[in-house]
Amino acid sequence: MRHLLLDLDAPLMSFGGDLVDAYGVVRDFPAKSMLAGLLANALGWERHDADAHAALQARIVMGSARVGEGQRQREFQTAQLGANDRGWTTRGRVEGRAGGAETYRSPHIRYRDMDADARVLIAVRLNPAELAPDLDTLAAALARPERPLFIGRKPFVPSRPLCCGIVEVETIPAALVAGLAMLDAPPPRRDTLRAQWPVGEAPDAALVSGAQEEELTDERHWPSGVHAGLRRVMQGRLHWPEATA
């Protein structure tokens, strides 16, 4: 099976998790919805193309490995908003504010997490593979995207081209191992890397260890704009093979 490899390398990146009150936490691995949105952005799709986004997300089979762990950082955001302040929304219209005078006495406060100097390798295949867009179309779009690409948040632009190539292997873990040898300017080798891959991939025992099953809610219901459903994944350690002559 053919797998597309993406090399996410940036000074800052974030894989958004569940928002809890004013805290925007991040996950260690990219969500399925984030990858679908990244590919759709490269293709030049619009946000209102909900059916196309949903169809692409449903076809994605993915896994990832943290090639560079980086450091988790927390950003403090605050803004004092008044009754006359207005702003544009993602829905394409101006949004105003309401409420009594007392509602404007305190600033709006948020905390947002992110990873600094991290690097993540993604392996993805499409099921069914023959439908459009196919992996070759996605690879071409990543090489020449219709719009600037970002990793989690708009200021988090990549440090290098995202597309790492296409490999023909049987499982996501095998694709990730193959991708390690294809990295441009790879970081210092480590024996094992934290990784995530789909349940049921049945990887070679020589490739992974310490696997545990987890459940995620990382698929977006595109018409409503909220996350729903349940995806089962395995998380463990991916073995970085020694270089061979």
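There is no path of hydrophobic side-chain contacts, each under 4.5 Å, that joins Val233 to Val25. Hydrophobic clustering places Leu193 together with Val177 (ILVMFWY residues linked when any side-chain heavy atoms are closer than 4.5 Å, directly or through intermediates). The hydrophobic cluster containing Met13 does not contain Leu121, counting ILVMFWY residues as joined when their side-chain heavy atoms lie under 4.5 angstrom apart, directly or transitively. Two different hydrophobic clusters hold Met34 and Phe29 under the rule that ILVMFWY side chains link at heavy-atom gaps under 4.5 Å.
Distance OG1/Thr171 to CE/Met1: 7.5 Å, rounded to 0.5 Å. A distance of 11.5 Å separates CG of Asp184 from OG of Ser159, quoted to the nearest 0.5 Å. Of the inter-residue distances, the one linking Leu162 atom CG with Asp9 atom CG reads 9.5 Å to the nearest 0.5 angstrom. Between the OH atom of Tyr23 and the CZ atom of Arg74 there is a distance of 6.0 Å, given to the nearest 0.5 Å. Put simply, CZ on Phe15 and OG on Ser64 are 7.0 Å apart, with the number rounded to the nearest 0.5 Å. We find the CG-CD1 distance between Leu8 and Ile151 to be 4.5 Å, quoted to the nearest 0.5 Å.
Residues Cys164 and Leu183 have side chains in contact (heavy-atom distance under 4.5 Å, counting atoms from C-beta outward). Here the side chains of Gln77 and Arg112 are in contact, with some heavy-atom distance below 4.5 Å. Asp49 places none of its side-chain heavy atoms less than 4.5 Å from the side chain of Trp222. Side-chain atoms of Val120 and Asp115, non-hydrogen and from C-beta on, never get closer than 4.5 Å to each other. Residues Ile122 and Leu35 form a side-chain contact, since some pair of their non-hydrogen atoms from C-beta on lies under 4.5 Å apart. At a threshold of 4.5 Å between non-hydrogen side-chain atoms, the residues Val61 and Leu126 do not count as touching. Considering only heavy atoms from C-beta on, Asp113 stays 4.5 Å or farther from Ser14 through its side chain. Residues Arg125 and Ile172 are in side-chain contact: their nearest non-hydrogen atoms beyond the backbone lie under 4.5 Å apart.
The shortest non-hydrogen separation linking Ala211 to Trp197 is CB-CZ2, 3.7 Å. Nearest heavy atom pair, residue Met182 against residue Gly165, reads CE-CA, 3.9 Å. In this structure, Asp134 and Ala129 approach most closely via the heavy-atom pair CB-O, 3.9 Å. Closest of all the heavy-atom pairs between Leu43 and Ala141 is CD2-CB, 3.7 Å. Closest approach of Ala178 to Val167, counting heavy atoms only: CB-CG1, 4.2 Å. Here the closest non-hydrogen pair linking Leu135 and Arg2 is CD1-O, 3.3 Å.
In Arg72, the CZ atom is crowded: over 12 heavy atoms of neighbouring residues, nucleotides or ligands sit closer than 6.0 Å. Around CZ of Arg144, the count of heavy atoms belonging to other residues, nucleotides or ligands within 6.0 Å does not exceed 12. Counting heavy-atom neighbours within 6.0 Å of Gln71 CD, excluding the residue itself, gives a total of 12 or less.
Judged by distance alone, with hydrogens and angles left aside, the side-chain atoms of Arg66 form a donor-acceptor pair with the main-chain N or O of Asp28 at under 3.5 Å. Looking only at distances, a side-chain donor or acceptor of Lys32 sits under 3.5 Å from a matching main-chain atom of Ile60. Checked by atom type and distance alone, the side chain of Glu75 never pairs as donor or acceptor with a backbone atom of Met114 at under 3.5 Å. Checking side-chain atoms of His239 against main-chain N and O of Ala206 turns up a donor-acceptor pair under 3.5 Å. In this structure, the side chain of Arg194 does not engage the main chain of Gln235 through any donor-acceptor pair within 3.5 Å. In this structure, His221 contributes its side chain and Glu219 its backbone to no donor-acceptor pair below 3.5 Å. The closest donor-acceptor contact from the side chain of Arg190 to the backbone of Val67 lies under 3.5 Å.
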Does Leu38 form a side chain to side chain contact (heavy atoms under 4.5 Å, CB included) with Asn41? I'd like the steps, not just the answer.
CA-CA 5 Å; Leu38 176 67; Asn41 196 30; 5.7 Å; no
Quick one, Thr217 with Leu230, criterion side chain to side chain contact (heavy atoms under 4.5 Å, CB included). Give me CA distance, side-chain angles, the key distance, then yes/no.
CA-CA 5 Å; Thr217 302; Leu230 193 68; 4.3 Å; yes
Does Glu213 form a side chain to side chain contact (heavy atoms under 4.5 Å, CB included) with Val199? I'd like the steps, not just the answer.
CA-CA 7 Å; Glu213 184 175 327; Val199 166; 4.0 Å; yes
Verdict with supporting geometry, Ile109 and Phe76, side chain to side chain contact (heavy atoms under 4.5 Å, CB included):
CA-CA 8 Å; Ile109 292 175; Phe76 174 68; 3.3 Å; yes
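Between Asn127 and Arg59, the side chains place no donor N or O within less than 3.5 Å of an acceptor N or O (distance only, hydrogens not considered). Checking Glu214 against Gln212 by side-chain atom types alone, no donor-acceptor pair falls below 3.5 Å. A donor-acceptor pair shorter than 3.5 Å can be found between the side chains of Arg237 and Thr192.
The side-chain hydrogen bond (donor to acceptor under 3.5 Å, both in side chains) test with Asp218 singles out one residue from Arg231, Arg27, His227, and that residue is Arg231. Test Asp7, Leu5, Leu4 against Cys163 for side-chain contact (heavy atoms from CB on, under 4.5 Å) and you get one pass: Leu4.
A centroid separation of 6.0 Å or more is found between the aromatic rings of Phe150 and Phe156.
The pair Asp117-Arg119 does not meet the salt-bridge criterion, since no charged nitrogen lies less than 4.0 angstrom from a carboxylate oxygen. A salt bridge does not link Arg232 with Glu201: none of the charged nitrogens is closer than 4.0 Å to a carboxylate oxygen.
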